[in-house]
Amino acid sequence: MNDKSTHVSVISSSDDIVDISIENEKMEDENQVIPKSGYSSHYTSICYPFAGMIRDVKIRLPYYMSDWKLALSYRIFAATIRIFFLNTIPALAYALDLYLRSDQYYGVNEALLASALGGLFDIDYSCIISTTSSILGIVFGLLAVQPISIVGFTGLISLFNYTTYDIISRNTHVPYLPFMCWVAIWAAILHWLIAIFNLVTYVRYMTNFTAEIFGFYVGIVYIQKGIEFIIDDFDESPTKGFMSILVAFGFFFSYWILTHIGQSGYFNREVRDFFVDYAMILCVVFWSGFAFIPGHLRSTNIERLAVTPAYQPTKIARSWFVNPGEIDVGYVFIAIPFALLVTALFYFDHNVSSLTAQAKHYPLRKPAGFHWDFFLLGWTTIIAGFFGLPYPNALVPQCAMHTDALGRWKADESVENQVPTAIVNIHKSRRTVQQYVLVKIKEQRITNTCQSLLCLLTMIGPFLTCYSMISRAVLAGVFIGIGWGSVEVSAITHQLLHLIRDPNHIKIDDPLIQLSRKKIFLYTTTMLVGFALLFIISQTIAAIGFPVLVLLLIPFRVMILPKWFTQQELGILDSPVASTLPLDSIGGLPDILKPVNS
């Protein structure tokens with residue numbers, strides 16, 4: 001391709017197309033980030049406590065001011081609004097689930113405050129809630145080494161919370177929140193020990209094999225929860241059930257269409273970006289209002305989100321502070337195995353989410369850190385325990401969505417990419433086809449901080465009134481929409497479609513064509529078996545041990561799969577979750593996982 005046939009532009013922060021040379025001059029400081037390579041062995045050794053945490057802070061600290069100064073643009077505003085709703089609405093849905101399954105210990109305010117823990121700092125506080133938010137805002141809004149990881153209330157901790165309630169408190173007189181407070185205390189201690197002794201380094205053994213199984217599982221669980229909400233409406237009356245189906249799948253299809261328009265060639269770039277950024281809020285507002293249309297629709301009176309007074313716990317009888325002394329000494333030690341399970345869950349879930357936010361197809365420039373962030377996660381856990389909140393951690397789908405929202409795209413207009421025409425010179429009105437390539441991520445702290453501020457702000461009365469108008473059916477649609485979004489892009493789904501696709505219609509650049517269908521079938525079946533085991537155990541009382549099974553996927557990939565597949569085959573089927581830059585902060589890719597030719 002010669003210079004005459006190519007024109008390259010870049011979408012600026014205001015989404016205009018600008019000349020790349022001018023944009024490079026404007027963003028010269030940001031582009032001068034030169035990742036440092038190399039990693040001393042003592043950063044991964046338990047014999048050098050605090051070494052990993054100190055290194056994480058030292059390598060990121062020089063870029064701290066640029067995280068704020070180079071982040072003011074419309075793209076940051078749009079990304080903040082987008083990730084706020086992608087974080088908050090699912091949290092409200094899980095709050096409803098926990099509200100119904102844990103004797104109303106958790107509700108909307110607990111979910112919003114837990115979601116706010118990841119990135120808020122407010123020094124003008126006048127009550128205990130603002131104090132809590134201030135402390136936890138420092139943790140991830142101001143002090144996290146990797147601020148693009150979105151921290152909030154996840155479905156897996158919801159599963160852990162109501163399963164623990166079933167085991168400990170449902171049929172006994174054991175105070176639930178004081179017990180969960182002790183779980184948080186022990187879990188925080190374990191977090192700190194893992195970070196101090198550099199044990200987070202083993203995250204580098206996680207590959208897409210494990211991450212894709214986990215992501216597929218999370219997507220299916222989201223869809224399952226959505227269907228459960230619909231069934232609950234059917235249990236109340238068939239009329240509510242059918243109305244719930246209409247609203248839930250109406251939301252799902254409209255949300256799916258809007259987000260896919262953003263990835264299509266329809267309309268211009270500004271319209272497509274608008275649909276992607278605001279699809280969630282547009283669909284929530286429309287389908288919430290749909291149930292209020294006068295007449296038969298409104299008369300169905302489908303269930304809506306239950307809310308409590310502003311800044312008040314869901315259980316009115318309790319205060320925000322949980323007293324851990326209100327429990328027998330024996331249960332203090334019974335909380336230890338539960339804390340081990342929380343730590344195992346967060347070790348995997350939080351770090352995999354952070355890795356997906358830094359996946360290898362994202363052109364990140366600033367160094368990452370895992371030891372320090374896991375240490376800070378211990379603080380969010382213990383503070384959440386003392387205030388009776390669900391423990392927050394990084395969110396699997398939302399982390400990657402956040403990075404996507406912060407992307408800067410290069411438009412490549414090439415004669416080779418033109419729509420075919422008989423004679424190009426005659427058809428001068430024929431425009432070249434624009435292909436957009438992701439060239440930069442706005443790595444900054446504003447979106448995470450501001451979306452957390454919004455979570456806190458929406459705990460006031462008028463916003464809670466708005467939340468109370470959201471029907472359970474809309475939340476079901478949210479679950480189904482986000483869940484399908486994870487399943488749709490999963491490697492498992494891609495491999496299944498490859499197996500059933502006519503070989504004559506497989507793209508020539510698909511790397512799977514290098515492998516026999518037998519090998520692809522074996523690998524995909526192995527992943528599906530792993531998913532099935534996770535899904536089955538999560539449907540039983542044994543769900544409390546779910547994190548152990550998740551962690552076992554890592555040694556299975558390292559020790560068993562190489563016996564079934566060659567290194568060349570695994571190089572095609574599997575790959576590291578993240579690029580070299582974030583992996584360098586935890587010791588780099590292990591030799592056993594490196595391709596043969598590297």
Side-chain angles (χ1 to χ4, degrees), residues 9-18 70-92 115 118-119 147-150 152 251-289 356-357 359 361-363 395-411 434 436-455 457-458 463 466 470 474 477-478 481-486 488-489:
S9 303
V10 168
I11 302 178
S12 71
S13 59
S14 60
D15 292 339
D16 297 326
I17 304 296
V18 300
L70 302 176
L72 299 176
S73 67
Y74 170 76
R75 174 47 39 207
I76 298 304
F77 169 81
T80 300
I81 300 301
R82 179 180 177 184
I83 203 62
F84 166 70
F85 284 104
L86 286 173
N87 184 10
T88 304
I89 301 301
L92 294 177
S115 297
I148 63 174
S149 295
I150 297 298
F251 177 96
F252 165 64
F253 285 116
S254 57
Y255 178 72
W256 187 89
I257 289 170
L258 289 179
T259 54
H260 278 68
I261 286 177
Q263 303 164 13
S264 70
Y266 298 106
F267 306 107
N268 58 34
R269 183 74 191 182
E270 289 74 18
V271 174
R272 296 199 302 270
D273 287 345
F274 178 83
F275 283 146
V276 171
D277 290 331
Y278 304 107
M280 176 64 72
I281 181 58
L282 290 173
C283 293
V284 167
V285 170
F286 177 83
W287 289 104
S288 295
T356 58
H361 62 278
Y362 294 129
L395 309 170
V396 172
Q398 286 89 339
C399 281
M401 292 175 180
H402 183 216
T403 311
D404 284 332
L406 297 173
R408 183 183 296 272
W409 299 80
K410 179 180 70 176
Q434 289 186 337
Y436 292 93
V437 181
L438 187 61
V439 295
K440 186 185 298 181
I441 301 296
K442 297 283 286 185
E443 300 172 69
Q444 40 70 52
R445 298 175 183 272
I446 289 181
T447 52
N448 204 349
T449 303
C450 289
Q451 70 90 19
S452 299
L453 279 167
L454 288 173
C455 287
L457 177 65
T458 55
F463 288 102
C466 294
I470 300 176
V474 169
V478 170
I482 294 180
W484 178 249
S486 294
E488 188 178 20
V489 299

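Since this is a predicted model, take the numbers as computed values, not measurements. Here, residue 1 is the first one in the sequence, and each next residue gets the next number.
Between atom CZ of residue Phe77 and atom SG of residue Cys450 there is a gap of 10.0 Å, rounded to the nearest 0.5 Å. Rounding to the nearest 0.5 angstrom, the gap separating the CG atom in Asn448 from the CD1 atom in Ile83 is 8.5 Å. Interatomic distance, Met280 CE to Asn87 CG, rounded to the nearest 0.5 Å: 10.5 Å. The distance from the CZ atom of Phe463 to the CG atom of Leu454 is 8.0 Å, given to the nearest 0.5 Å. In this structure, the separation between CH2 on Trp484 and CZ on Phe252 is 6.5 Å, given to the nearest 0.5 Å. With values rounded to the nearest 0.5 angstrom, Leu86 atom CG is found 11.0 Å from Ile281 atom CD1.
Heavy-atom minimum distance, Glu443 versus Ile148: CA-CG2, 4.3 Å. Between Ala79 and Leu406, the closest heavy-atom pair is CB-CD2, 3.7 Å. Smallest separation of non-hydrogen atoms from Pro147 and Gln444: CG-O, 3.6 Å. Across all their heavy atoms, Asp277 and Ala78 have their closest contact at OD2-CB, 3.4 Å. Scanning both residues, Ile470 and Ile89, for their nearest heavy atoms gives CD1-CD1, 4.4 Å. Across all non-hydrogen atoms, the minimal contact from Gln451 to Thr80 is N-CG2, 3.8 Å.
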For this session: Check the pair Met401 / Ile150 against side chain to side chain contact (heavy atoms under 4.5 Å, CB included), numbers first and verdict last.
Result: CA-CA 9 Å; Met401 292 175 180; Ile150 297 298; over 6 Å; no
Exercise. For Phe274 and Leu282, what are the C-alpha separation, side-chain angles and deciding distance, and is it a side chain to side chain contact (heavy atoms under 4.5 Å, CB included)?
Worked result: CA-CA 10 Å; Phe274 178 83; Leu282 290 173; 4.0 Å; yes
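Counting heavy atoms from C-beta on, the side chains of Val284 and Phe85 never come closer than 4.5 Å. Inter-residue side-chain proximity for Thr447 and Arg82 is flagged as unmet; no heavy-atom pair is nearer than 4.5 Å.
One N or O on the side chain of Tyr362 and one on the backbone of Ala400 form a donor-acceptor pair closer than 3.5 Å.
The aromatic rings of Tyr255 and Phe251 sit parallel, their planes meeting at an angle under 30°, below the 60° perpendicular limit.
More than 12 heavy atoms of other shown residues, nucleotides or ligands fall within 6.0 angstrom of atom CZ in Phe286.
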